[in-house]
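What follows is one structure encoded as structure tokens, with my remarks underneath.
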Amino acid sequence: DFIQDLPVAGRSYQNVLALAPGVQDPDGDGNPNVNGARERDFKTTVGGISNVDPLTGQVLNLVASDSIEDLTVVTAGAGAEYGRAQGGFAQIIQKQGSNDFEGVVGFIYSSSILDGNGSTGIPNSLVPDFYRYQPSVTVSGPIVKDKLWYRLTEEVLHRVDPVVLATGGSI
């Protein structure tokens with residue numbers, strides 16, 4: 001609930017990381033640096049499993065924000081259990097199923113149509129087109145009461161960003 005109400009662009013946990021002290025993501029790619037360390041030195045675990053690509057050192061998979069129970073960011077003084085990185089650490093614990101059936105459906109839409117040109121005075125024909133559709137669904141409940149549960153979260157992101165050319169046009 002706390003992450004849902006934060007004033008961050010987008011719904012991925014990488015956007016929330018930059019709110020921690022000492023954490024920066026100046027290029028907005030979801031791979032932050034901590035206290036001046038390289039981006040590839042940041043380690044994220046999801047349910048105890050590394051979410052870092054071993055080849056590039058960058059984020060491996062996106063995690064749907066509806067599935068996150070807890071997000072912990074450690075920027076300094078990490079214990080031995082956080083090893084194998086020189087920068088900071090993030091630990092994500094995902095929600096689990098319960099004896100209650102729960103279903104959540106969501107849809108996020110943004111577009112240049114909704115943006116307008118504000119007070120810039122730029123004609124609408126020169127404002128670059130962009131859009132994003134992001135439907136999501138989460139269901140959880142019991143398979144065997146008090147013994148076995150399920151939880152399914154699916155989120156799809158379809159995004160088209162403009163590429164602004166030096167001539168002022170876009171493709």
Side-chain angles (χ1 to χ4, degrees), residues 1-98 102 104-112 114-116 118-120 128 130-138 140 149 151-164:
D1 294 333
F2 177 73
I3 292 174
Q4 213 170 18
D5 296 334
L6 288 175
V8 295
R11 288 180 31 94
S12 66
Y13 75 90
Q14 289 95 340
N15 297 333
V16 177
L17 296 175
L19 297 177
V23 180
Q24 300 176 28
D25 188 9
D27 56 1
D29 65 352
N31 297 299
N33 64 34
V34 177
N35 299 326
R38 298 179 304 172
E39 287 182 344
R40 65 178 299 126
D41 291 335
F42 189 83
K43 181 181 177 189
T44 304
T45 59
V46 179
I49 299 171
S50 178
N51 192 29
V52 178
D53 185 350
L55 179 63
T56 65
Q58 307 293 313
V59 65
L60 187 60
N61 293 318
L62 298 176
V63 178
S65 61
D66 289 337
S67 72
I68 295 175
E69 177 75 28
D70 186 37
L71 173 65
T72 305
V73 179
V74 179
T75 59
E81 68 271 16
Y82 290 101
R84 299 193 67 176
Q86 298 167 354
F89 305 88
Q91 183 179 36
I92 296 173
I93 298 173
Q94 292 183 296
K95 293 178 181 177
Q96 305 296 314
S98 68
E102 178 184 349
V104 178
V105 176
F107 185 78
I108 297 174
Y109 171 75
S110 62
S111 167
S112 56
L114 300 175
D115 250 8
S119 62
T120 62
F130 69 90
Y131 63 87
R132 179 178 78 171
Y133 302 99
Q134 193 169 350
S136 64
V137 63
T138 300
S140 67
W149 307 273
R151 180 168 191 86
L152 171 69
T153 301
E154 183 66 29
E155 190 170 63
V156 177
L157 174 62
H158 182 71
R159 179 175 167 169
V160 173
D161 292 325
V163 178
V164 179

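Everything numeric in this text was worked out from a predicted model, so none of it was measured.
In this structure Thr56 satisfies the side-chain hydrogen bond (donor to acceptor under 3.5 Å, both in side chains) test together with Asp53, sequence neighbours excluded. Judged as a side-chain contact (heavy atoms from CB on, under 4.5 Å), and not counting sequence neighbours, the contacts of Thr138 are Asp66, Val104, Arg151, Thr153. For Leu152, the side-chain contact (heavy atoms from CB on, under 4.5 Å) partners at least two apart in sequence or on another chain are Val139. With sequence neighbours excluded, the residues that form a side-chain hydrogen bond (donor to acceptor under 3.5 Å, both in side chains) with Gln94 are Ser67. Shown here are the side-chain contact (heavy atoms from CB on, under 4.5 Å) partners of Val156, two or more places apart in sequence or in another chain: Pro135, Glu154. Scored by the side-chain hydrogen bond (donor to acceptor under 3.5 Å, both in side chains) test, Asn35 finds no partners at all (sequence neighbours excluded). Checked against side-chain contact (heavy atoms from CB on, under 4.5 Å), Val52 has the following partners two or more places apart in sequence or in another chain: Lys43, Ser50. Among residues two or more places apart in sequence or in another chain, the side-chain hydrogen bond (donor to acceptor under 3.5 Å, both in side chains) test is passed with Tyr133 by none.
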side-chain contact (heavy atoms from CB on, under 4.5 Å) assessment of Phe42 paired with Val34 | CA-CA 7 Å; Phe42 189 83; Val34 177; 3.4 Å; yes
Check against side-chain contact (heavy atoms from CB on, under 4.5 Å), His158 and Tyr131
CA-CA 8 Å; His158 182 71; Tyr131 63 87; 3.3 Å; yes
Discussion item. Under the criterion side-chain contact (heavy atoms from CB on, under 4.5 Å), I'd like the reasoning laid out for Gln96 against Glu69: C-alpha separation, chi angles, the key distance, then a yes or no.
Written reply: CA-CA 8 Å; Gln96 305 296 314; Glu69 177 75 28; over 6 Å; no
| task | Evaluate side-chain contact (heavy atoms from CB on, under 4.5 Å) for Val23 paired with Thr75, printing each intermediate quantity in order. | result | CA-CA 7 Å; Val23 180; Thr75 59; 3.6 Å; yes
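Shown here for Ser140 and Gly97, the closest heavy-atom pair between the two residues is CB-CA, 4.4 Å. Between Ala90 and Leu71 the shortest heavy-atom distance is CB-CD1, 4.5 Å. Among all heavy-atom pairs drawn from Leu17 and Pro32, the shortest one is CD1-CG, 4.0 Å. Summarising the geometry of Val73 relative to Ala20, their closest heavy-atom pair is CG1-CB, 3.9 Å, with the distance given to 0.1 Å.
Rounded to the nearest 0.5 angstrom, Asn33 CG and Asp41 CG are separated by 9.5 Å. Of the inter-residue distances, the one linking Thr72 atom OG1 with Ile92 atom CD1 reads 9.5 Å to the nearest 0.5 angstrom. Interatomic distance, Leu60 CG to Ile49 CD1, rounded to the nearest 0.5 Å: 11.0 Å.
Not a single donor-acceptor pair under 3.5 Å links the side chain of Asn51 to the backbone N or O of Thr45.
Between Leu157 and Arg132, some side-chain heavy-atom pair lies under the 4.5 Å cut-off.
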